[in-house]
Novice: 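Here it is, the structure, as structure tokens.
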Amino acid sequence: MSDQTLQPSVADALAIGYRKRNLKRFLLVCVAATVLFCTVVIDVITGPADLSFLRTIHVIFDPSVASSKESVIIWDLRLPVALLAVVVGAMLGAAGAEMQTILNNPLADPFTLGLSSAASFGAALAIVLGWSVIPGVGSLFVTVNAFIVAMGTSLTLFAFTRLRGVSPEAMILVGIAMLFTFNALLSFLQYGASEIQLAQLVFWQMGSLARATWPKVGICLVVLLIVLPYFVRKTWALTALRMGEEKAAALGVNVSFLRLTVLAGVSLLAAVAVSFVGAIAFVGLVGPHIARMIVGEDQRGFLPFSALAGALILSGTSIASKAITPGIVYPIGMITSLIGIPFFIVLIMGQRKRHWQ
Amino acid sequence: MSGLTVKNLNFSYGSHHILKDVAFDTLQKGQLTALIGPNAAGKSTLFKCIAGLNTSRDSSVTLNDTDLSTLSGQERLRRVCFMPQFFAANAALTVFDVVMMAQKQLRGWRVSDDDTKAVARALDAGGIGHLAEAYVGELSGGQAQMVSVVQALVRQSEAYLFDEPTSALDLRHQLQVLSRIREAIKNRDAIGMVALHDLNLAAHFADHLILIGKGEILAQGRPDEVLRDPKIAEIYGVDIELSTGPREDLLVHAYAS
């Protein structure tokens with residue numbers, strides 16, 4: 001390639017075009033973050049008790065101005081719920097984005113590999129049989145069971161892929177086997193459960209933010225802050241993986257190692273999320289698709305936008321679950337799809353190119 | 001000694017030997033070598049062994065006085081740029097994005113101004129500036145191949161290995177891509193290897209030919225020497241005649257035997 005025969009004007013125009021697109025992508029991420037901030041505030045003011053938008057923002061930024069009633073409603077009741085929605089949504093969005101990337105499959109989500117049925121089974125063990133996988137965790141035993149069984153499933157998958165080679169096909173097939181295994185085991189437990197236990201189990205699976213507490217928000221945030229930096233560090237490798245394994249390998253990506261480590265991160269994110277709020281798969285599937293359509297698949301935009309899209313969906317869900325019928329908080333698992341799908345369909349109809357033909 | 005030297009290179013998948021004691025004369029800087037041979041002769045495997053993507057024990061690959069086995073996989077791939085044959089992508093990535101990916105070589109997060117300029121120049125010089133904002137999934141096979149070549153040439157490596165860079169291209173672009181590759185190798189004083197199926201292209205563009213068949217090096221040398229070697233007809237299973245073309249160039253004619 002001659003470094004002499006270039007026409008600076010054309011190259012300059014190309015460089016300017018690229019910088020513009022980068023800037024646009026950055027602005028889109030900023031817009032999404034701003035919208036997310038607004039939905040969090042709306043989430044806090046939605047529900048019984050009259051709170052105004054500006055007053056709420058004021059209290060959030062300066063807790064000392066709150067009356068004791070405001071303080072309890074905003075800081076103790078509403079904010080943990082609103083923030084758990086954001087953090088869990090971001091976890092699922094980021095996990096889904098990388099799951100789709102490493103499996104090279106648009107239908108993958110954090111639960112593709114059977115994680116959510118494993119978590120449900122773990123919860124069922126606690127609810128129906130009263131078993132705690134780790135004794136002495138007290139009232140958290142449903143959550144802990146769900147987490148342990150989900151992580152155990154990932155580890156099994158890990159072991160399988162170590163033995164049989166790390167191809168997306170092998171991972172998906174083993175994942176499907178896990179899914180059916182845990183669904184069958186779950187049915188067993190359901191069959192033998194009492195009506196009350198069954199109701200509890202169904203509610204758990206439908207997902208809920210109502211059990212949100214500050215420590216839960218904190219744990220989720222810590223997990224997110226542990227896993228995300230790794231994904232960020234691997235940003236070019238993950239982008240390269242979308243060009244096919246061979247191409248990525250030629251650029252120096254250790255494809256098997258990348259798949260396994262990212263899978264570990266995704267599993268951790270998904271297992272923590274699902275054990276706290278229940279099985280809400282839709283966010284991890286659709287969040288990344290929304291990101292892909294809006295900012296493309298350069299991971300520098302794709303990863304943050306997927307997390308933001310996930311957070312936005314779940315935050316919107318949290319608002320809707322309270323707003324549909326005043327006084328009733330619907331399970332979020334039901335609402336996520338209803339909120340996300342219309343937006344998703346609009347995007348599908350409007351985009352210029354399908355990237356997964 | 002500068003240049004690329006390969007000695008004692010063996011490679012097998014399980015019990016199936018792909019490469020047997022491959023060795024060739026030191027390839028000189030600034031020269032383009034064409035690797036020719038029938039399908040499944042081991043051309044891609046040889047490239048991958050040189051690039052370190054396939055590991056072969058006891059072999060010695062030396063590039064400009066550095067024993068490549070002493071380098072980490074990533075460092076080796078920075079010095080030896082390997083362009084694989086296949087390019088399958090249907091991602092929401094533009095041509096500019098994927099060339100940037102090659103320019104960045106997995107380093108850092110930020111794209112510097114120099115990175116952006118280098119990519120823009122490479123796209124322009126590669127004649128695909130008009131495709132910069134196209135999504136990779138929208139490209140034709142030929143366009144994708146040209147993007148692949150630009151992805152390779154944007155990198156500053158000491159050796160470049162192109163696996164069949166012209167297989168999907170029409171006549172004009174075959175000539176255009178090979179001229180660019182030859183020019184880049186000369187300008188950068190780098191070592192260039194191209195796996196080619198078309199012997200006329202090999203005769204026309206390469207300074208040096210290596211004939212490989214069934215995992216062994218059968219002949220090497222100047223194009224006219226190698227093309228006159230009787231082994232070439234034997235390994236391809238065809239009759240080969242040579243003639244001088246209207247521009248005093250060597251033409252290769254193949255007939256079914």
Side-chain angles (χ1 to χ4, degrees), chain A residues 1-22 101 104 106 232-255 258 289 291-302 351-357, chain B residues 48 51 53 72-78 81-94 96-98 100-102 104-111 113 116-117 119-126 129 132-133 135-138 148-155 180-181 183-184 187-188:
Chain A
M1 190 88 29
S2 106
D3 298 75
Q4 285 100 42
T5 60
L6 30 110
Q7 301 158 342
S9 55
V10 178
D12 286 351
L14 293 177
I16 290 167
Y18 181 71
R19 280 191 212 108
K20 262 191 196 157
R21 274 185 300 122
N22 267 351
T101 304
N104 197 26
V232 166
R233 217 163 72 80
K234 292 288 170 194
T235 175
W236 290 103
L238 286 162
T239 309
L241 199 54
R242 289 291 291 122
M243 301 285 298
E245 268 175 55
E246 215 184 11
K247 199 97 208 183
L251 280 173
V253 178
N254 184 342
V255 176
L258 182 69
H289 276 284
R292 181 176 292 120
M293 286 183 250
I294 294 179
V295 296
E297 279 183 279
D298 183 331
Q299 293 273 339
R300 292 175 303 141
F302 183 55
Q351 72 169 324
R352 104 171 137 114
K353 176 74 187 162
R354 283 166 294 160
H355 295 292
W356 295 97
Q357 286 161 325
Chain B
K48 284 186 192 166
L53 292 169
S72 73
Q74 228 176 71
E75 179 55 31
R76 185 168 181 164
L77 283 163
R78 282 188 187 135
C81 166
F82 167 58
M83 185 204 100
Q85 193 175 346
F86 300 107
F87 173 106
N90 202 358
L93 292 167
T94 64
F96 204 113
D97 288 335
V98 301
M100 179 60 81
M101 176 199 305
K104 287 297 296 177
Q105 293 252 298
L106 317 177
R107 280 173 289 212
W109 161 282
R110 232 177 65 78
V111 165
D113 225 33
T116 309
K117 281 184 190 148
V119 172
R121 277 201 301 264
L123 286 168
D124 183 29
E133 298 196 1
Y135 283 115
V136 287
E138 297 171 332
S148 250
V149 172
V150 171
Q151 273 188 310
L153 289 180
V154 76
R155 295 164 54 183
R180 279 213 190 90
I181 289 177
E183 200 183 327
N187 288 343
R188 298 174 188 191

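First the proteins, then the strands, lettered A, B, ... as listed; each starts at 1.
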Novice: Report which part of A:Val253 has an atom under 4.5 Å of a heavy atom belonging to chain B: side chain, backbone, both, or neither.
Specialist: both
Novice: Identify which part of B:Ala102 has an atom lying under 4.5 Å from any heavy atom of chain A, answering side chain, backbone, both or neither.
Specialist: both
Novice: With a 4.5 Å cut-off on heavy-atom pairs, point out which of A:Ala237, A:Gly252, A:Gly17 contacts chain B the most.
Specialist: A:Gly252
Novice: Counting distance only, does the side-chain N/O of B:Arg180 pair as donor-acceptor with the main-chain N or O of B:Gly126 below 3.5 Å?
Specialist: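 A pair under 3.5 Å: yes.
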Novice: For A:Arg233, is it the side chain, the backbone, both or neither that has a heavy atom under 4.5 Å from a heavy atom of chain B?
Specialist: neither
Novice: Check each atom of B:Leu53 against the heavy atoms of chain A and say whether the ones under 4.5 Å are side chain, backbone, both or neither.
Specialist: side chain
Novice: When you measure from the side chain of B:Glu75 to the backbone N and O of B:Ser72, does any donor-acceptor pair fall under 3.5 Å?
Specialist: no
Novice: Select one option (side chain, backbone, both, neither) describing which atoms of B:Val119 are under 4.5 Å from chain A's heavy atoms.
Specialist: neither
Novice: Sort A:Thr235 into side chain, backbone, both or neither according to what part of it lies under 4.5 angstrom from a heavy atom of chain B.
Specialist: side chain
Novice: Got a sec, which residues hit ring-ring contact (aromatic ring centres under 6.0 Å, His included) with B:Phe96, two or more places apart in sequence or on another chain?
Specialist: A:Tyr18
Novice: Only counting residues at least two apart or in another chain, list the ones meeting salt bridge (Lys or Arg N to Asp or Glu O under 4.0 Å) with B:Arg155.
Specialist: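 Not a single residue meets the salt bridge (Lys or Arg N to Asp or Glu O under 4.0 Å) criterion with B:Arg155.
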Novice: Mark yes or no for whether B:Thr116, through its side chain, and A:Ala15, through its backbone, hold a donor-acceptor pair below 3.5 Å.
Specialist: no
Novice: Looking at A:Val295, A:Asp298, A:Asn254, A:Val232, which one has more heavy-atom pairs under 4.5 Å with chain B than the rest?
Specialist: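 Of the candidates given, the most pairs with chain B belong to A:Val232.
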Novice: Donor-acceptor pair, A:Trp236 side chain versus B:Gly108 backbone, under 3.5 Å?
Specialist: yes
